[in-house]
Amino acid sequence: MGDLFHRQPLLRELKEIGYLFGKLKRTQVVLTAGNHDYLKAGSYYRTFSWPANVHMLTGNVLQKAEFPELGVSVCGFSYHAREMREMPELQLPGDSGQPVNILMLHGGDELHAPFKKEELLRLGYDYIALGHIHKPCVISTGRMAYCGALEPVDKNDTGPHGYLAGEFTEQGCRVRFIPHALREYRHLTFPVSAGMTGLAVKEGIREMIAGEGTQHIYKIILNGFRDPQIMFDLHPENVSGNIIEIVDQTKPAYDFEKLFEQNQDNILGRLIREFRDYDRDSTEYLAMCEGVQALMEARRG
Ligand SMILES: [Mn+2]
């Protein structure tokens with residue numbers, strides 16, 4: 001339901017996806033264009049000829065595809081520009097003559113077909129299939145949901161991705177999320193302790209990734225306290241695995257009280273006195289850790 005492509009599709013891309021859709025022998029496909037693959041002048045969507053089981057709703061006003069053999073009608077509209085600040089008029093499904101009426105809708109934020117959940121539900125569609133947000137999200141159980149992207153698109157699209165399978169029964173629509181993505185972006189926290197060397201941390205990360213699944217793509221966050229004398233060489237390419245980023249939030253494991261006792265009359269003691277009571281996760285505490293480390297290193301010189 002919109003943004004099948006993240007940009008304007010190439011003709012050969014439409015041919016490939018058309019071929020794949022055409023292979024679905026027991027499935028009718030209904031699609032619309034979203035804000036990324038909007039129907040601009042010259043868009044290949046406008047002239048592409050889809051297989052008979054594929055139905056693209058190309059209008060920027062509400063259009064309908066009817067499937068009497070299934071007893072289903074599907075309404076939707078396509079974007080003709082990058083933005084759509086107002087929702088096109090949404091008729092009630094009442095006159096479709098089909099027992100099941102589905103509304104497909106792309107957007108939901110201020111610039112993209114904004115809507116109020118209650119108003120949409122009040123229209124009386126049996127199910128409202130939402131697109132635009134990458135994360136799968138149920139808005140109203142059995143009535144309205146974002147299916148999310150089939151595969152994670154952005155490094156911050158963490159969590160499972162897949163599709164929604166809906167089934168209409170006498171009791172209404174039952175919707176299930178089916179995880180289907182080949183991989184996920186995952187953010188993992190790796191606890192560092194003062195006894196760990198750089199190699200130990202690398203090995204630990206490797207084991208953690210092996211346990212979580214090597215197919216996924218990772219951002220690793222190191223926290224805890226490190227041996228102040230040990231330098232981590234943690235460029236993602238130096239640690240095996242699909243790692244896009246390693247963030248080092250460890251703090252040097254100094255005994256600040258002892259350092260303070262020994263350095264009351266110098267800058268090191270003043271720095272600790274100023275910041276030691278801040279919360280351990282605060283920027284101030286982190287700044288103190290960095291400062292102490294710099295001064296200690298300068299001393300060792
Ligand atoms: Mn979108």
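Both ligands and their constituent atoms are indexed starting at 1 by order of listing. When a residue number appears, it is its place in the shown sequence, counting from 1.
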How many angstroms lie between atom OG1 of Thr189 and atom CG of Leu222, to the nearest 0.5 angstrom?
9.0 Å
With the Mn ion (ligand 1) at the center, what angle do OD1 from Asn35 and OD2 from Asp3 span, rounded to 10 degrees?
90°
Name of the His132 atom (N/O/S only) found closest to the Mn ion (ligand 1):
ND1
The Mn ion (ligand 1) to His106: any N/O/S contact under 2.8 Å?
yes
Determine yes or no for a side-chain-to-main-chain donor-acceptor pair under 3.5 angstrom, with Asn223 supplying the side chain and Gln249 the backbone.
no
Metal site the Mn ion (ligand 1): N/O/S of His36 inside 2.8 Å:
no
Sub-4.5 Å side-chain heavy-atom contact between Arg186 and Ile217
no
Hey, would you say the His132 and His112 ring centroids sit under 6.0 Å apart?
yes
